[in-house]
Structures are given as C-alpha cells and as structure tokens.
Amino acid sequence: APGSLVSAGARNESAPLTLRLTKDASESRLSLLLEKARRAQEGRPSWSRRSDRVARIYVLTMLVASAFLFLFFDLERALALLVVTCPCALALATPLSAARAMAKGASQGIFFRSAEALEKVLSIREVSLDKTGTLTLGSFEWEGPLPSPEFASILLALESRSLHPIARSIVRALAPLNPPLPEVLDFQELRGKGVQGVIQGHFWEIGTSPTSTPPPNEDSRTLLELRRDGAAQMTIQLRDQIREEAKTTVTFLKQRGLKISILSGDRVGTVQACAKELGLNPDLAFGHLNPEEKAARVQTNGRSLMVGDG
C-alpha cells in the first residue's frame, strides 16, 4: 500500500513498485539482523546459566574438599584435587559451543534471534513445510495445449506484472507466442490467491479454484483458472518438480521422530500428491491456505517450526 515501509533486501513478487530511499545502509534491516546475530552470540541461554550455577556449586564443593585435605593431610593432595577437578571445561565449553553453533548457522544464512533460540530448537516436535519453492523447484512447466491468442494476451498482460514463480513460468511458456498486450487497469496481486485486473472493460482473474478437477491420475498438477467477470474461461495446467534434496531432508527429519506436515496455498490434491511422493502422510498435507492461515496452524501446533517463505 502507498506509504508502507519496504526493508532493504526484500523480495518483490507482486506488481512493480516505486521506492524512495529513506535510510542509510547501516540502518537497513539486514544490518540490524547482523547486529542482532552478534548480540545473540553474546547472550546467555538458560542452559548456559544453569551450567554456571552448577559450576559455582561445584567449585565451592571442591574448595571445601581441598581445604579438608590441606588441614588433615597435606598441601600436595589439596593441590592435586584442585588441578584434577578444575571446572574450566564446564564453565567454558558451554558458551563456546553456543557461539560456535550460531556462527555456523550464520555462515549458512541462518540467524538466531537470541541464544535462547538454540535451546528451543531442541524442543521442536513438528516441522511444517511450504511446498512451492521449498519442497519443489518453483519452476513450473506448462502442460496441455496452449491458449488461444486472446487468452494468451490476457494471461501475459496480467502475469507479466508479477514475480511469483507461477507467473514467471506462465510468461516463459507464452512469451514465444508474442501476442499483443492490452492495457491493464486496477491490477492487484492477492497473496495466496492470484492476480486480477480490468482489461477492455472486463474484470479478469487468474487463480486457484476449489472446483477445478484434474484429469485422471494427474493429481500432481497445479490447476489455475482464468476467469472473466467471475465466469471460468479456461483451466491452466502446470507441473512443478520436487527438489532432490527435499527427499533426503524429509527422510532425515522422519528418522529424528519429527512430525512433518505440508502447508500450501496450492490445490489439496496437488499438495497430497507431493506428500505421497515424499513418503509423508497425505492427511498432514493441507492446501488452499493463505499466509495468515499457515501462521495460525503453526502457532496452534505448539513446539513447531515453519520452513519456507509461504
């Protein structure tokens, strides 16, 4: 919306934007994120503080025992006890391991908001995965016959204004047809729903439809509808490929005993087909979810982790 703030490094997957620079790079969200990562390494998670308390009790106990040996035996035995029971490993290893873990994550693009996050990761019992671009390549291929010149013009006029993976795939498939592009008025891109605009006096939409039924044995296809004034004009069939590393990642998570679900804005049948191919329970593959509905599911699941940009 006009007047909204856009963070540096943000990814625009909607209509073209006109931006005005208001802050220096040192004040950008990325710089703040890096500063938070640095401060997180200086923070103390609860298990580190617990180890410090244990170390204090341990040191006091050893000092009392050493004093006992000095008073009733000799100095040599007292010193030997202090050397052998030195708490350096306990006091230093814990914060060093936390700092090393956060530094390793930062090198791979993973930033922990605080040292406490490391502890919370260990308590995760469920992982929710986005589908498009996370489990799949996000590079769709057009399937079936190409549209008529009229519909190709409408599709390109609308989708060329979006940077969503589906939009880019449609543009890539239809651009060789080189149809004339009509003017689009009141263009909007609705998160998780599609694009829409007024062309030559008619209201056109491109998006998913709960009523779309796939051809037999083709559940893995992504189905979209082109609608004019609310009436369906054609069905668009696209196919996305599952990432090879997604299968190994899902297998690794399952071996660790984690419950895995898929949260997607795509058609339910497509999401369940993806789950079956990955060896997941189709009952835990949820489709037709917008970003707000995904967030609500993750929050109600308790100790869960969401992976993806959906």
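- Looking at Thr136, its side chain does come within 3.5 Å of a backbone N or O of Gly133 through a donor-acceptor pair.
- Taking all atoms of both residues into account, the shortest heavy-atom contact from Thr132 to Asp130 is O-OD2, 3.3 Å.
- Ring geometry, Phe72 versus Phe68: the interplanar angle falls from 30° to 60°, so the pair is classed tilted.
- The hydrophobic cluster containing Leu224 does not contain Phe203, counting ILVMFWY residues as joined when their side-chain heavy atoms lie under 4.5 angstrom apart, directly or transitively.
- Within the 3.5 Å criterion, the main-chain N or O of Gly279 finds a donor-acceptor partner in the side chain of Lys254.
- The line from CD of Glu141 to CD of Gln241 is 7.5 Å long, rounded to the nearest 0.5 Å.
- The shortest non-hydrogen separation linking Gly207 to Arg227 is O-NH1, 3.9 Å.
- Around the CZ atom of Phe151, the shell of radius 6.0 Å holds more than 12 heavy atoms that belong to other residues, nucleotides or ligands.
- Val64 and Phe70 fall into different hydrophobic clusters, where Ile, Leu, Val, Met, Phe, Trp and Tyr residues are linked whenever their side-chain heavy atoms come under 4.5 Å apart, directly or through other members.
- In terms of modelled atom types and a separation under 3.5 Å, the side chain of Gln255 and the main chain of Phe252 share no donor-acceptor contact.
- Here the shortest heavy-atom pairing between Arg172 and Ser139 reads NH2-OG, 3.4 Å.
- With hydrogens and angles ignored, the 3.5 Å screen pairs no side-chain donor or acceptor of Ser304 with any backbone N or O of Glu126.
- Remark: Glu292 CD is packed, more than 12 non-hydrogen atoms of other residues, nucleotides or ligands lying under 6.0 Å away.
- The hydrophobic clustering, which links ILVMFWY residues whose side-chain heavy atoms are closer than 4.5 Å, places Leu258 and Leu135 together.
- Residue Leu158 holds its CG atom at 10.0 Å from CG of Leu181, rounded to the nearest 0.5 Å.
- Counting only distance, with no hydrogens or angles, the side chain of Gln188 and the backbone of Asp186 share no donor-acceptor pair below 3.5 Å.
- The nearest pair of heavy atoms linking Ser153 to Pro179 is OG-CB, 3.3 Å.
- Closest approach of Leu174 and Leu156 over heavy atoms only: O-CD1, 3.7 Å.
- Of all the heavy atoms in Ser261 and Phe286, the pair that sits closest is CB-CE1, 4.4 Å.
- A distance of 6.0 Å separates OG of Ser162 from CZ of Phe187, quoted to the nearest 0.5 Å.
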